[in-house]
Number of protein chains: 2
Amino acid sequence: MSVTAAKGFTAAGIAAGIKENGNPDLALVVNNGPRRAAAGVFTSNRVKAAPVLWSEQVLKSGQLSAVVLNSGGANACTGPKGFQDTHATAEKAAEVLGTGAGEIAVCSTGLIGVLLPMDKLLPGVETAAGRLSEHGGEKAAIAIKTTDTVHKTSVVTKDGWTVGGMAKGAGMLAPGLATMLVVLTTDADLGSEVLDKALRDATRVTFDRVDSDGCMSTNDTVLLLASGASGATPGYEEFAEAVRTVCDDLGQQLIRDAEGASKDIKVEVINAASEDDAVEVGRSIARNNLLKCAIHGEDPNWGRVLSAIGTTKAAFEPDELNVAINGVWVCKNGGVGEDRDQVDMRYREVHVVADLAAGDATATIWTNDLTADYVHENSAYSS
Amino acid sequence: MSVTAAKGFTAAGIAAGIKENGNPDLALVVNNGPRRAAAGVFTSNRVKAAPVLWSEQVLKSGQLSAVVLNSGGANACTGPKGFQDTHATAEKAAEVLGTGAGEIAVCSTGLIGVLLPMDKLLPGVETAAGRLSEHGGEKAAIAIKTTDTVHKTSVVTKDGWTVGGMAKGAGMLAPGLATMLVVLTTDADLGSEVLDKALRDATRVTFDRVDSDGCMSTNDTVLLLASGASGATPGYEEFAEAVRTVCDDLGQQLIRDAEGASKDIKVEVINAASEDDAVEVGRSIARNNLLKCAIHGEDPNWGRVLSAIGTTKAAFEPDELNVAINGVWVCKNGGVGEDRDQVDMRYREVHVVADLAAGDATATIWTNDLTADYVHENSAYSS
């Protein structure tokens with residue numbers, strides 16, 4: 001299903017030989033119209049990979065005919081040659097699809113600082129174009145995996161129209177987009193401005209609130225393509241909700257597959273003076289390595305939550321803070337609360353609630369525990 | 001030598017029974033004058049432990065007769081009872097030393113959110129007072145250890161006067177003071193205003209630039225006490241340099257003993273537009289978990305350095321960034337530089353240089369690698 005659940009889209013996923021182990025590494029998603037409206041959001045990292053710079057540029061027209069995605073190399077920090085390679089990839093796709101390079105987005109993921117093997121990639125684009133299918137969504141989702149253990153897809157179908165998508169990402173997951181590539185497609189008949197608004201509204205409260213390891217990528221890209229093939233034009237709220245639902249589902253799948261993680265942690269900040277305060281506090285808690293280790297050890301160490309809150313600029317009084325872990329208010333009024341031995345942490349999902357007692361705003365950040373497996377996986381990634 | 005290297009000071013370190021394992025856990029440092037000038041800097045965490053709130057208050061007079069320090073419990077997030085306990089500790093010390101509680105600083109370290117066993121601590125203060133000695137500095141340094149594997153002391157002796165000190169800290173080490181307790185003593189004949197300036201000038205470029213794990217403590221305290229017993233009044237620059245040297249030495253000892261670490265990482269940011277930019281970039285690099293894992297794996301993964309720089313607001317152009325790891329410029333002009341296979345990472349110290357090509361300011365942040373041992377140690381700390 002994935003990116004081909006919506007009418008008007010075909011996709012393919014193949015092994016082009018970019019990855020030395022022979023696994024699938026190249027995906028192509030094509031919008032066959034009648035519309036070719038599109039929107040995108042990108043990493044806020046100031047060190048941006050060549051494909052991000054390229055795709056930001058082509059999206060200014062609000063039109064995309066296709067997206068080429070590769071795993072096995074991020075094409076980041078690769079200088080002018082890296083940008084030429086992205087350009088050549090778009091030109092190749094445009095040639096085989098009979099369109100212009102200015103309607104082709106490119107996404108790459110993998111190791112930073114290594115040039116892509118263009119002698120494998122360009123023939124791969126041609127091969128993928130020959131295998132485009134209305135059933136190709138799963139294969140495309142598989143081809144963009146890096147350290148992901150599973151591929152990630154999601155679909156919402158409403159009255160006569162659909163939003164579907166695929167995502168990859170397992171490490172370097174942090175806000176300003178979690179490190180990931182996401183392509184969403186819809187057959188709703190909507191223009192690029194509506195797509196752009198719906199996508200930004202959705203990512204702000206979904207992908208931007210996933211923070212697995214505090215490390216922001218150079219390559220994050222989320223694209224939304226509309227074919228109009230359903231002929232249906234949903235209202236904004238309905239459409240935006242569908243996009244948000246798919247983004248939320250994919251974001252949850254990213255967290256559940258995060259590198260080395262054994263716990264998925266929902267950090268919910270309540271009674272904040274503002275949403276910004278709630279997000280700042282949530283991120284500070286989600287990035288606290290000591291707390292993430294404690295949760296790995298199934299230790300309801302609320303002192304580490306308070307020490308993380310204390311580093312923020314949010315409005316709160318230290319002696320009014322309350323913290324619940326899995327429903328037990330272990331910290332009340334900044335001090336010892338209910339019996340910490342009552343906290344059951346045996347399951348994968350852990351729910352931390354931080355009550356700032358300063359207003360009525362709320363925000364939820366998703367993160368993971370910090371494990372020896374994360375260390376092992378990331379001390380051997382490029383070697 | 002430690003805090004008793006300077007003339008006019010006595011100290012003791014004993015096992016009061018605060019730690020269940022019977023290890024030393026209570027230290028007393030006494031300034032016998034003739035002067036009793038003092039200064040202190042404290043955690044910038046807004047969630048401050050009771051002893052921090054107390055000691056900040058008593059230091060407003062610029063006078064300290066003694067410092068009571070305990071390990072085995074942080075007395076943080078312990079509410080009004082915690083503050084009463086700190087007050088009672090100071091009263092007890094004042095009583096046995098024949099002074100006022102307003103001249104007694106208190107420092108605590110250990111688990112957050114647990115009340116101290118005052119039935120052990122108060123008799124311990126009396127016992128420690130009975131064992132005060134001009135040779136007690138080492139024992140005091142030993143008594144403040146928590147997860148430290150070694151005790152940390154440092155001494156600088158100049159023309160007729162001395163600055164000495166002790167430190168503890170091995171986890172929750174981050175700026176706005178690394179998590180630690182530090183007591184410095186000098187027999188120089190100087191007033192509290194000079195001590196305060198020298199101490200702030202020193203901590204800004206030493207302890208504040210140690211960032212082992214990005215986690216800021218609720219209890220950080222650095223105190224400087226002057227007895228005037230040498231009769232010597234050094235010039236400001238000479239004195240400030242001695243204080244800075246001792247702080248730098250103790251800070252290095254903290255990094256070398258950081259929990260689970262196998263590498264000490266010197267992150268040097270050069271050619272920044274401002275010192276603030278250099279510090280911001282240095283901290284961002286030092287806190288990047290993926291880079292810390294890579295260095296643990298002896299992988300010169302400069303892409304992770306660039307992705308960390310890219311998250312800052314510092315002045316730089318992505319295609320002008322250069323990165324050296326252990327002397328090899330693996331990244332030049334934002335792209336691939338010298339051969340990464342030339343980087344020798346076998347030794348404990350790793351030197352990362354980030355050249356922002358944007359000015360002439362510089363700063364150095366010290367951190368550690370992220371290891372499975374860190375995870376193990378911190379997933380079992382309180383249980």
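Every heavy atom of this structure was used, including side-chain atoms; hydrogens, water molecules and symmetry mates were not. Chain A is the first sequence line, chain B the second, and so forth, proteins listed ahead of strands; every chain is numbered from 1. Computed from a predicted model, the values in this text were never measured in an experiment.
No other option in A/Gly79, A/Ala294, A/Pro80 has as many heavy-atom pairs under 4.5 Å with chain B as A/Ala294. No other option in B/Cys331, B/Gly113, B/Gly337 has as many heavy-atom pairs under 4.5 Å with chain A as B/Gly113. For the set B/Asp373, B/Leu370, B/Asn333, the count of heavy-atom pairs under 4.5 angstrom toward chain A peaks at B/Leu370. Ranked by non-hydrogen atom pairs under 4.5 Å with chain B, the options A/Gly335, A/Gly82, A/Gly334, A/Cys77 are led by A/Cys77. The most heavy-atom pairs under 4.5 Å with chain A, out of B/Cys293, B/Ala372, B/Pro318, come from B/Cys293.
With contacts defined as side-chain heavy-atom distances shorter than 4.5 Å, the pair A/Arg287/B/Arg287 does not qualify. With a 4.5 Å cut-off on side-chain heavy atoms, A/Val352 and A/Ile295 count as touching. Inter-residue side-chain proximity for A/Val336 and B/Thr78 is flagged as unmet; no heavy-atom pair is nearer than 4.5 Å.
Note that CG of B/Asn271 is 12.0 Å distant from CG of B/Asp277, once rounded to the nearest 0.5 Å.
Only the backbone of B/Lys313 comes within less than 4.5 Å of a heavy atom in chain A; its side chain stays farther off. Only the side chain of B/Leu321 has a heavy atom closer than 4.5 Å to any heavy atom of chain A.
Checked for salt-bridge contact, B/Lys332 and B/Glu338 meet the test: a charged N lies under 4.0 Å from a carboxylate O.
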